[in-house]
Each structure stands twice: as C-alpha cells, then as structure tokens.
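Below is one structure; the comments refer to it alone.
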Amino acid sequence: MPELPEVETTLRGIEPWITGQIIDLITVRQGSLRWPVTEGMAEIVQGQAVLAVRRRAKYLIIQLGHGSMLIHLGMSGSLRLTDRALEWRKHDHIEMQLSNGSTLRYHDPRRFGCWLWSANDHSQLARLGPEPLSDAFDSEHLFTLSRKRKMAVKPYIMDNNIVVGVGNIYASEALFRSGIRPDRAAGRISHQRYRVLSGHIKEVLAAAIEQGGTTLRDFVNGNGEPGYFQQTLDVYGRGGQACYKCQGALKEIKLGQRSSVFCPSCQR
DNA sequence: ACACTAACCTGCAAGC
DNA sequence: TGCTTGCAGGTTAGTG
C-alpha cells in the first residue's frame, strides 16, 4: 500500500486528466471494500463535473459540485488511467469514465481501500493530524503531544491523529536516519531529537515523492509505471542484513503488529 | 485519554 | 507436488 508518496504520485498522474471533466459513467463491479461503496453513488455523481482532485493524508478526494468522493488505496490498491476498451483484470473493482475519454480504474486485491460518496464532510477526515510536509508539522508538535506517552516512538509517528501519511516504510527509514530506536518511548525523547526526526520525516517523504514512490509488489502510478524509491531504502525489508553505516546486523522486532527493522548500534 | 489487540482480504513465499 | 503457516504498504473497532 501505498504510503503518502505513492498516493501523491498517483494524484499527480491522474489529476490533469480528470479535473474539469464531466463524469459520464461509474461502474462498480465489486462494492465490498473496507466499507461498502456508497449505495447509489454511481447514479448520484453521473453528469456532475469534477471541480478538483486533491490529497489529504493518504486519501484522494474528488471534489464535485454537490459533495465529494473519498478514495483510499488501502494496502494493495492502485488507480490508473486505462484504455476504455481494456479488458477487466481480476481485482479491478471500479471504473470511472470521463467526458474527455479518460477512464480511471480502481484495482485492489485485498480490498482494504474505500471509495465513498458524501454530500457533506467525510468522517474519515475528522481528527487527522497535520500534513507532514506542511509547516504545521514540526518538532514542537511532536514534542508537545508526546509528553507522558509511553507508546514507542514508531507507532507514535505512525498515528494519524499525531501526523498523517507516515507509514511503516518511511517511519522505519526516518528513524534510522535520525539514529533513534523505534521502540524508545515517545514521551522520553528530547525536543532536540524530535527536531532531527521531524526533519528526516519531511526529507524522506519528499525524496520518495521525487522518485515516484516506492514500488513493492504491484504499486504503479496513474500511468501504470513503478516508483524507484525502493533503491534508496536503508532498513525497511532488510532485517538480518548489514547496516549501511556500521556493517552490523540489522535487527527486526514487532511494534504494534508491524515489523520494524533498525540498527541496534546506530539507533539509540 | 491511553495502550493494545483483532479484524477486514488476497497473494505469495517459506517450510514441512 | 501439495498443504499449512505467516507475512505484507492501512485503518478502525473493541477491549481493559
């Protein structure tokens, strides 16, 4: 699944083809996703114009005149522009046809994503923390909210109420670059170290966006192309292998059900 | 309010 | 060659 850089890459790939177009047809072949696709969504949005497409956290929002569609790619989802006549692949669940001939396919083997319509605000967007690349996200924010919290720092920075868009890959990478152990209690990390960490979170996300995201298994951008950031990963998926800084063996532990790889010598 | 678990679902790789 | 087990990019709902 796409983490924030993959969602951003998808947005940039599809946005120019969709904004300003009229939705001619939406076809839902499999509506059983993380939440059921909104009943009657296709009928409601057909004929409406797309005013804008934007991203908030890992959600994509297709803004229409009378409401919006909220899309999440879950762990295995992807969106791509296709040839309208392209044969349906297994796990292609939804298709949106636009007035300029563009066609968007939603593909999601595990079906952890969503595609919802609402005339008002989407409840999923309430209570989300700041965007990691915005000025609202800084060391002050991380430091203040973490006081007295016993939770390990890795699940802490992956908590969407604290900051959005930091998933398992980039949390691991940012902690390695910062020299902070992923299992250290969030409440016992200094303001100075949070300054380093917040900087690395921004840096690693920005670099991944620049390289078109990280491709693991089947991620593709809006044009069906892979990302290249996996060539830059220092620790994610490298448990047991040599640390690039000290050559020691990287250790793998579980934190909050997620595997976490780190260097016990470089990260303290 | 916080900390932690189980759950949603499919595909794939490893182990027996 | 199978069969079983565990693991995977995310997020929420439920427990104490």
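Throughout, a chain's letter reflects where its sequence line sits, starting with A, and its residues are numbered from 1. The structure displayed is predicted, hence computed values, not measured ones.
The nearest whole Å value for the distance from the CG atom in A:N161 to the P atom in C:dG10 is 15 Å. Computed from coordinates, the A:L128 CG to C:dG10 C1' distance equals 13 Å when rounded to whole Å. Per the geometry, CD1 belonging to A:I157 stands 12 Å off P belonging to C:dG10, to the nearest Å. Taking atom CZ of residue A:R258 and atom C1' of nucleotide B:dA7, one finds them 13 Å apart after rounding to whole Å. Atom-to-atom, CG of A:L33 to P of B:dT10 comes out at 11 Å; the value is rounded to the nearest Å. A:D159 places its CG atom 11 Å from the P atom of C:dT11, with the value rounded to the nearest Å. Here the C1' atom of nucleotide B:dA1 and the CZ atom of A:R147 are 17 Å apart, to the nearest Å. Regarding A:M158, its CE atom lies at a distance of 15 Å from the P atom of B:dC4, rounded to whole Å.
Taking atom C1' on both nucleotides, B:dG11 is separated from C:dT12 by 23 Å, rounded to a whole Å. As rounded to the nearest Å, B:dC9 and C:dC3 have P atoms that lie 24 Å from one another. Taking the C1' atoms as reference points, B:dC12 lies 23 Å from C:dT11, given to the whole Å.
Across all strands shown, B:dC9 forms no Watson-Crick or G-U wobble pair with both key distances under 3.5 Å.
Residues A:E203 and A:R177 meet the side-chain proximity criterion, which asks for heavy atoms closer than 4.5 Å. Within the 4.5 Å cutoff, the side chain of A:F262 has no heavy atoms near those of the A:F176 side chain. Between A:I22 and A:L98, every side-chain heavy-atom pair lies at or beyond the 4.5 Å cut-off.
Nearer to the 5' terminus of DNA chain B, by closest-nucleotide assignment, is the contact made by A:M151 (compared with the other of A:S32 and A:M151). Remark on DNA chain B: of its neighbouring residues A:Q257 and A:L145, the 5'-side contact belongs to A:L145, judged by nearest-heavy-atom nucleotide. DNA chain C is contacted by both A:R110 and A:Q124; A:R110 maps to the nucleotide lying nearer its 5′ end (nearest heavy atom per residue).
Residue ring and nucleobase are stacked for A:F112 and B:dC8, with a centre distance beneath 5.5 angstrom and an angle between planes beneath 30°.
Cation-pi contact between A:K150 and A:Y156: absent, since separation from the ring centre below 6.0 Å together with deviation from the ring axis within 45° is not met.
Dashed line: the shortest gap from a side-chain N or O of A:H91 to OP1 or OP2 of B:dC9 is not under 4.0 Å. One finds a side-chain N or O of A:N160 lying less than 4.0 angstrom from the OP1 or OP2 phosphate oxygen of C:dT11. Phosphate contact (OP1/OP2 of B:dA3, side-chain N/O of A:K150, threshold under 4.0 Å): absent.
Within 4.0 Å of A:D108, counting heavy atoms only, lies no atom of the nucleic acid at all. Among the atoms of the strands shown, only primed sugar atoms or phosphate atoms (P, OP1, OP2) are found under 4.0 Å from some heavy atom of A:R149.
Annotation: the span from A:M158 atom CE to A:N168 atom CG amounts to 4.5 Å, rounded to 0.5 Å.
Among C:dA8, C:dT12, C:dG10, the nucleotide with an atom closest to any side-chain atom of A:Y59 is C:dT12. Comparing B:dC9, C:dA8, C:dT11 by their nearest atom to the side chain of A:R111 picks out B:dC9. For A:S259, taking side-chain heavy atoms from C-beta onward, the closest of the listed nucleotides B:dT10, C:dA8, B:dC8 is C:dA8. Of the listed nucleotides (C:dC7, B:dA3, B:dC9), C:dC7 has the atom at the smallest distance from the side chain of A:K254.
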- side chain to side chain donor-acceptor pair (under 3.5 Å) between A:S260 and A:E252, worked out: CA-CA 5 Å; A:S260 305; A:E252 183 158 357; over 6 Å; no

